[in-house]
Engineer: 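Encoded as structure tokens, here's the structure I'll be asking about.
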Amino acid sequence: IYKWYRSGLNRWHGPGSTPDFQDIIEDRCYNYTQRIRPDSRSRNCQEIKQAFMSAFISKDPCKATKEDYRRLIDLADPTVPCNKRVLWSKTKELAREYAKLRGLVTLEDTLLGFLADGLHWCGEPGSPDLNTWSCPDWEKDCRTNYRSVFWKVLSERFAESACGTVQVLLNGSLENAFDEMSIFGRVEAPNLKPMVTLQVWLVHDPGKPPRDSCSGSSITKLKSILSERNVRFICRDNLRTRLPILSNIRRLRKQPCGLF
Ligand code: C8R
């Protein structure tokens, strides 16, 4: 019976739920609301955790809908400024560093983005527990899994409520820096409001040759998607050489008596 039980829970192709998922959500919620953003102190972390769990517990892990997350989103709606947003695709760490240095925000600076960053979660019909053996993979199992739908809903809201200049860091060391199948390509770019300006920074890995540029076909495709929506577009190649500040800061941090 154990073997049968295990093979049922093991049938998906993605990693299983992160061990101690609930505790991590709770710890992160207190950390965010009490320390990182004390202006969000009035949020109720117990309620937020409950809403997160009841979004997917006991449900078919391939049948996630936007509706499932409605209560969670209502409880933890982001309060970050609309004109300071940074998007990214395949450049997460650099984008976070860039945002921090410039006083801008990525989705992980909002409460829900912060809570779920790097975690996996899914349930099992008829069970009160998380499945820690395996969860559905976007490509191999189903696109409507709870993790993918979560990021999709959050990203859509983050992009559609952005205003002014929105920055995006894309990876020019890939053949297609703009990937139409990524969340940025499928969800964020097509949901920017008319009259927003999208500032694209094409960054290249220092050790690798650039493979895409602002004049390449993938960025041209992005440009056409945006112009249909009346979104203004600016593209700059190689953020690292134009903004040496990023690598300088890394270097300075290592010195005992740097500028900081
Ligand atoms: N965004 C999407 N996915 C996110 C995320 C986030 O903020 N934060 C995490 N940890 N993830 P990618 P992309 C996880 O292919 O598809 C927003 C999810 O599991 O490099 O274009 C954000 O605002 C997700 O499947 O990028 C950003 O602008 C991968 O990381 C885009 O969407 C996405 O990794 C990035 O999504």
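In what follows, every heavy atom counts, from backbone to side chain, and hydrogens, waters and symmetry copies are set aside. First listed ligand is number 1; within each ligand, the first listed atom is number 1. Bear in mind the structure is a predicted one, so any value in this text is a computation, not a measurement.
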Engineer: Checking a contact table here: which protein heavy atom is nearest atom 21 (O) of ligand 1, and how many Å away?
Structural biologist: Ser89 OG, 2.7 Å
Engineer: Considering non-hydrogen atoms of the protein only, which is the closest contact for atom 29 (C) of ligand 1, and what is the distance?
Structural biologist: Trp88 CH2, 4.7 Å
Engineer: Looking just at side-chain N and O atoms, do Ser54 and Arg71 make a donor-acceptor pair shorter than 3.5 Å?
Structural biologist: no
Engineer: Which residue, Tyr146, Phe52, Tyr69, forms the ring pair (Phe, Tyr, Trp, His ring centres under 6.0 Å) with Trp121?
Structural biologist: Phe52
Engineer: Spell out, yes or no, whether Val80 and Val166 are grouped together once hydrophobic residues are joined by side-chain heavy atoms under 4.5 Å, including indirect joins.
Structural biologist: yes
Engineer: Among all protein non-hydrogen atoms, which one is nearest to atom 25 (O) of ligand 1, and what is the separation to 0.1 Å?
Structural biologist: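 Here the nearest protein heavy atom works out to Ile183 CD1, 4.2 Å.
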Engineer: Would you mind running through ligand 1 and noting each atom that sits below 4.0 Å from a heavy atom of Lys92?
Structural biologist: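 Within the 4.0 Å cut-off of Lys92, ligand 1 contributes 10 (N).
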Engineer: Within the structure, does at least one protein heavy atom fall under 4.0 Å of atom 5 (C) of ligand 1?
Structural biologist: yes
Engineer: If you measure every N or O of Phe184 against every N or O of ligand 1, does any of those distances drop under 3.5 Å?
Structural biologist: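 So ligand 1 has an N or O lying under 3.5 Å from an N or O of Phe184.
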Engineer: In terms of atom number and element, which parts of ligand 1 are under 4.0 angstrom from non-hydrogen atoms of Arg147?
Structural biologist: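 Listed by number with element, the hits are 19 (O).
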Engineer: Quick one: do Phe21 and Tyr30 end up in the same hydrophobic cluster if we chain Ile, Leu, Val, Met, Phe, Trp and Tyr together by side-chain heavy atoms under 4.5 Å apart?
Structural biologist: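 Hydrophobic grouping puts Phe21 apart from Tyr30.
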Engineer: If you compare all heavy atoms of Arg232 against all heavy atoms of Met195, which two are closest, and at what distance to 0.1 Å?
Structural biologist: NH2-O, 3.2 Å
Engineer: Out of all atoms in ligand 1, which are within 4.0 Å of some heavy atom of Leu107? Include the element for each.
Structural biologist: 6 (C), 7 (O), 17 (C), 23 (O)
Engineer: Please state which protein non-hydrogen atom is closest to atom 9 (C) of ligand 1 and give its distance, to 0.1 Å?
Structural biologist: Glu108 OE2, 3.4 Å
Engineer: Give the residue, atom name and distance (to 0.1 Å) of the protein heavy atom nearest atom 22 (C) of ligand 1.
Structural biologist: Glu188 OE2, 3.3 Å
Engineer: Closer than 4.0 angstrom: is that true for some heavy atom of Gly113 and an atom of ligand 1?
Structural biologist: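 Under 4.0 Å: no for Gly113.
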Engineer: Report yes or no: do Leu119 and Leu75 belong to one cluster of Ile/Leu/Val/Met/Phe/Trp/Tyr joined by side chain heavy-atom distances under 4.5 Å?
Structural biologist: yes
Engineer: Between CD of Glu156 and CD of Glu188, what distance do you get to the nearest 0.5 Å?
Structural biologist: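 Atom-to-atom, Glu156:CD and Glu188:CD are 10.0 Å apart.
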Engineer: Check ligand 1 against Leu87 and write out every atom of the ligand that is under 4.0 Å from a heavy-atom position of the residue.
Structural biologist: 23 (O), 28 (O)
Engineer: Does atom CD of Gln46 have more than 12 heavy-atom neighbours, drawn from other residues, nucleotides or ligands, at distances under 6.0 Å?
Structural biologist: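 Yes - once you tally the heavy atoms of other residues, nucleotides and ligands closer than 6.0 Å, there are more than 12.
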Engineer: Give a yes or no on whether a salt bridge exists between Arg70 and Glu67, defined as a side-chain N under 4.0 angstrom from a carboxylate O.
Structural biologist: yes
Engineer: Of the protein's non-hydrogen atoms, which lies at the shortest distance from atom 18 (C) of ligand 1, and what is that distance?
Structural biologist: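 Protein heavy atom at minimum distance: Trp151 CD1, 3.4 Å.
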Engineer: For Trp201 and Tyr98, test the side chains for any donor-to-acceptor distance below 3.5 angstrom and give the result as yes or no.
Structural biologist: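 Checked: Trp201/Tyr98 side chains pair up, N/O donor to acceptor below 3.5 Å.
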Engineer: Counting non-hydrogen protein atoms only, what is the nearest one to atom 1 (N) of ligand 1? Give residue, atom name and distance.
Structural biologist: Ser155 OG, 3.7 Å
Engineer: Starting from atom 20 (O) of ligand 1, find the nearest protein heavy-atom neighbour and note its residue, name and distance.
Structural biologist: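 Nearest neighbour among protein heavy atoms for atom 20 (O) of ligand 1, to 0.1 Å: Lys90 N, 2.7 Å.
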